[in-house]
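Taking it in order: structure first as structure tokens, then the write-up.
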Amino acid sequence: MPRPIQALIHPDALARNLQRARAAAPDAKVWAIVKANAYGHGIERAYAGLQGADGFALLDIAEAERVRALGWRGPILLLEGCFEARDLEACSRLNLWHVVHTEQQIDWLATHKTTWPHRVFLKFNSGMNRLGFKRDAFRTAWMRLSGLTQVDEISLMTHFADADSDRGIVHQLAAFEEATDGLPGERSLSNSAATLRHAGDHPEVRADWVRPGIMVYGSAPDFPAHAPRHWGLLPGMTLRSEIIATQSLEAGDTVGYGSTFTAPHAMRIGVVACGYADGYPRHCGTGTPVLVDGVPTRLVGRVSMDMITVDLTPVEQAGRNAGIGADVTLWGQGPHGSLLPIDEVAMAANTVAYELMCALAPRVPVAVRDLWPQTP
Ligand SMILES: *Cc1c(COP(=O)(O)O)cnc(C)c1O
């Protein structure tokens, strides 16, 4: 038998979460963001839940080829555009729309030989200062692109830095409006946080396309201000394993490398087949939430490469299975109607759910399974 650890991908949850994005921006088209192998979920597995999107946005041509191989004939957008001139051939061959954010990308287009002109998304740097043209260069780039026979439609795009927090989007939205004033073309501005928090109030934030990523996978972009449940999001991924050993500690006994946890009194702990080599964050310390047979308990001691140790006290008190073979939920849906948002584990590791999803290790077997109906 293989190690009992397993990741479960829930296509029904992805479909539900996508619907949630649509409901937040009913008059907009929806890009499902599937970069980084669908945030670690696997493009092929996620596709089953995301086929209702209006398009797929990602970074790599290899990933775009995988989406085409699944039979998708609709829009695909390269969010960082081409990395070299030759990439334009793949864009022509696969009919990919691509972001233009540098002069060099326009130079490549100007010498590209293609039968079908390309659709491009011209990126405006409204304050994120990562990709895109500032105002004057943006208008110049637009003029250049509009003069190329290689280009047909030019869409306009920007990205928010603070849609999840207090600073908000108003300053960037104003810059975008000013820079794009009078220009034709579809517009796209909003990531998950902007879609959930700001799109309802501002039609210009919904615009023509929204670009939800993390919310589709069931994490709240503004956690801990809001939990996934607040936004009506369901977990797209469950990481589960089992207890493979137990230990009875006496008061004063310590656990694991560095002996960072000392038992304050006699207690039983469970050893779980899951460690940082599976993608579980090593920065999770004592107190990190975990479910054993659906009962909330906590990690104790350090995360090792292949194992973690958990406090079995609450599980025994609840009269649930606290022995070898007991079900352990690291994040996602647990048994008996239980749920552990990935955001809570990410917060315990001082990071975000994005990183945990993307860091799921190749050695973890992955299965596709719809969520269990929630029993009360
Ligand atoms: C990743 C990405 C998104 C999605 O962001 P989320 O916070 O995951 O919703 C949207 N737009 C661009 C340009 C991105 O790179």
Side-chain angles (χ1 to χ4, degrees), residues 13-14 17-25 28-41 43 46 50 53-60 63-64 75-83 96-102 105 120-133 155-165 167-169 172-173 176 186-199 205-223 225-226 228 231-233 235-237 342-343 346 351-359:
L14 303 185
N17 298 338
L18 188 69
Q19 276 307 319
R20 190 61 196 79
R22 257 196 213 294
K29 287 171 279 190
V30 180
W31 291 112
I33 310 289
V34 293
K35 63 191 180 191
N37 199 21
Y39 289 47
H41 293 65
I43 286 181
L50 299 180
D54 297 294
F56 290 90
L58 39 69
L59 307 182
D60 281 308
E63 288 188 336
I76 297 180
L77 176 63
L78 298 179
L79 287 167
E80 294 179 352
C82 295
F83 300 103
L96 309 182
W97 302 356
H98 46 102
V99 165
V100 169
H101 64 86
T102 65
Q105 288 173 328
V120 297
F121 277 63
L122 183 60
K123 183 112 180 224
F124 176 62
N125 174 8
S126 58
M128 179 77 155
N129 285 313
R130 229 170 36 172
L131 302 185
F133 297 95
S155 303
L156 313 172
M157 169 175 168
T158 196
H159 193 55
F160 294 127
D162 304 289
D164 56 337
S165 61
R167 190 167 185 220
I169 60 163
Q172 284 186 265
L173 181 60
F176 181 78
E186 290 196 325
R187 282 141 165 86
S188 177
L189 299 87
S190 292
N191 58 1
S192 298
T195 302
L196 287 173
R197 290 169 64 105
H198 305 290
V205 176
R206 298 196 289 279
D208 298 289
W209 292 86
V210 291
R211 307 192 303 270
I214 195 71
M215 68 172 289
V216 166
Y217 303 100
S219 153
D222 57 351
F223 190 86
H226 296 108
W231 296 119
L233 303 174
M237 180 196 292
I342 189 170
D343 307 83
T351 185
V352 287
Y354 299 73
E355 191 181 10
L356 271 53
M357 293 173 182
C358 294

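Numbering of ligands and ligand atoms starts at 1, following listing order. On a predicted model such as this, the values are computed, not experimentally measured, just so you know.
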- Item | Minimum heavy-atom distance between Leu59 and Leu78, given as atom pair plus value | O-CD2, 3.9 Å
- Note on the structure: A student checking ligand 1 against Tyr354 at a 4.0 Å heavy-atom cut-off should list atoms 6 (P), 7 (O), 8 (O)
- Query: Salt bridge check: are Glu80 and Lys35 linked by an N-O gap of less than 4.0 Å?
  - Reply: no
- Task: May I ask you to check if ligand 1 and Gly213 share an N or O to N or O distance below 3.5 Å?
- Result: yes
- Message: Once you restrict to heavy atoms under 4.0 Å, what part of Met215 touches ligand 1? Side chain, backbone, both or neither.
- Response: neither
- Message: Is the contact between His159 and ligand 1 made by the side chain, the backbone, both, or neither, using heavy atoms and a 4.0 Å cut-off?
- Response: side chain
- Asn17 and Trp231: side-chain donor and acceptor closer than 3.5 Å? no
- Message: Between ligand 1 and Arg130, is the shortest N or O to N or O distance under 3.5 Å?
- Response: no
- What residue and atom, counting heavy atoms only, is the protein's closest point to atom 9 (O) of ligand 1, and at what distance? Ser192 OG, 2.5 Å
- Task: Look at the aromatic rings of Tyr39 and Tyr217 and report parallel, tilted or perpendicular, splitting at 30° and 60°.
- Result: parallel
- Query: Which atoms of ligand 1 are found less than 4.0 Å from any heavy atom of Tyr39?
  - Reply: 1 (C), 4 (C), 5 (O), 6 (P), 8 (O)
- Message: Quick test of your reading of the structure: of Arg211, Met157, Lys35, whose heavy atom lies closest to atom 15 (O) of ligand 1?
- Response: Lys35
- Query: For ligand 1, is Trp31 a contact, meaning one of its heavy atoms is under 4.0 Å away?
  - Reply: no
- Tested for side-chain contact (heavy atoms from CB on, under 4.5 Å) against Val210, the lone hit among Leu189, Leu196, Thr195 is Thr195
- Query: Quick one: does Lys123 get an N or O within less than 3.5 Å of an N or O on ligand 1?
  - Reply: no
- Message: Students often mix this up, so state it plainly: with edges at 30° and 60°, are the rings of Phe176 and Phe124 parallel, tilted or perpendicular?
- Response: tilted
- Task: Run the salt-bridge test on Asp162 and Arg197 with the 4.0 Å N-O cut-off and return the result as yes or no.
- Result: no
